[in-house]
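Everything on this sheet refers to the single structure shown next.
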Amino acid sequence: MKVLRKFIIVFSGLLLLLTITTGCEKKQKTDLLQAIKSRGKIIAGVRYDTKPFGFINEKQDVKGFDVDLCKELARRILGDENAVEFQQVTSSNRIFSITSGTVDFAAATMTITPKRQKIIDFSIPYYIAGQAIMVPKDSSIKSIRDLSEKKIIVVLGSTSEKNIRRVFPKAAVLGFRTYTDAFSALKNGRGDVLTTDDTIIYGFIAENPDFIMLEERLTREPYGLGFKKGIEIRSLKEAVNLALRTMIEDGTLVNLEKKWTNDLGKINEN
Ligand code: GLU
């Protein structure tokens with residue numbers, strides 16, 4: 001009995017200590033918005049391979065819709081559109097870049113999905129894309145229905161990859177890490193089609209007139225900025241959502257859409 005009582009006392013003591021220390025840890029977690037304000041810049045994950053949303057121009061500058069969006073957020077949150085540092089992310093590593101805290105958020109052609117929402121948080125949607133199919137101009141493939149036993153090129157970690165594997169389980173899926181590599185594979189005839197968002201396909205066909213996009217869309221892809229989950233991220237997410245809502249009301253978001261996606265075939269690079 002004595003031993004049991006001793007054990008209970010020691011065990012409860014340990015439990016109390018654990019509760020106190022984890023409680024302290026929670027309190028110590030710095031609010032990310034405050035941390036950003038004291039460091040004086042946002043660290044944003046963007047794409048380098050998804051023109052016109054995120055790409056590197058001839059001068060080696062990072063440009064695009066998502067890039068401009070981050071600059072506008074930096075202007076509205078920190079008062080300076082240059083108070084943002086960009087880090088490259090891909091379809092397959094962006095969630096890890098967010099959860100590991102490498103970036104404060106990612107603006108990376110990322111669709112808001114229930115599955116992703118289990119791991120990360122999203123802002124309100126800021127753009128609605130749709131999954132589409134790109135083929136060489138002389139391809140016999142005219143419709144999504146023709147894809148069932150074809151070789152389909154995708155980028156790993158994209159919703160397009162998941163959707164196509166689900167809808168066409170018999171198709172051979174060829175996965176790449178970046179859209180640059182995926183498009184090279186299509187050009188070299190390694191696959192019959194490339195599937196991704198219409199936004200990204202616009203970027204390729206604008207510069208490669210030997211390729212076209214089929215009219216049908218497989219899905220609706222609402223883009224959101226991705227954040228790490230947690231109480232310390234809340235005020236940053238709220239500030240971003242407030243800025244996005246204001247950008248919707250004052251026309252800034254529509255202007256960004258016009259600048260980067262309206263004039264198809266003539267993507268603005270400045
Ligand atoms: N928007 C889709 C996604 O979030 C496809 C584009 C991409 O690979 O980023 O997966």
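Just follow the structure's listing: the first ligand is 1, and inside any ligand the first atom is 1. Only this structure's heavy atoms are used, side chains among them; waters, hydrogens and symmetry mates stay out.
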Report task. Please check if any side-chain donor atom of T159 sits under 3.5 Å from a side-chain acceptor atom of Q131, or the reverse. Result -> no
Requested in this report: Ignoring hydrogens and angles, state whether a donor on the side chain of T111 or T113 is under 3.5 Å from an acceptor on the partner side chain.
Outcome: no
Query raised in the report: Is it the case that Y127 and T199 place a side-chain donor and acceptor less than 3.5 Å from each other?
Result: no
Query raised in the report: For the residue pair F53 and F65, does the interplanar ring angle fall in the parallel (under 30°), tilted (30 to 60°) or perpendicular (over 60°) class?
Result: parallel
**Report entry** CD1-CZ distance between I98 and R116, expressed to the nearest 0.5 angstrom
**Finding:** 9.5 Å
Query raised in the report: Using a 4.0 angstrom limit on heavy atoms, which residues are close to ligand 1?
Result: R47, S91, R94, A108, T109, M110, T111, R116, S158, T159, S160, Y179, T196, D197, I200, E221, Y223
Query raised in the report: Do V240 and Y126 have side-chain heavy atoms sitting under 4.5 Å apart?
Result: no
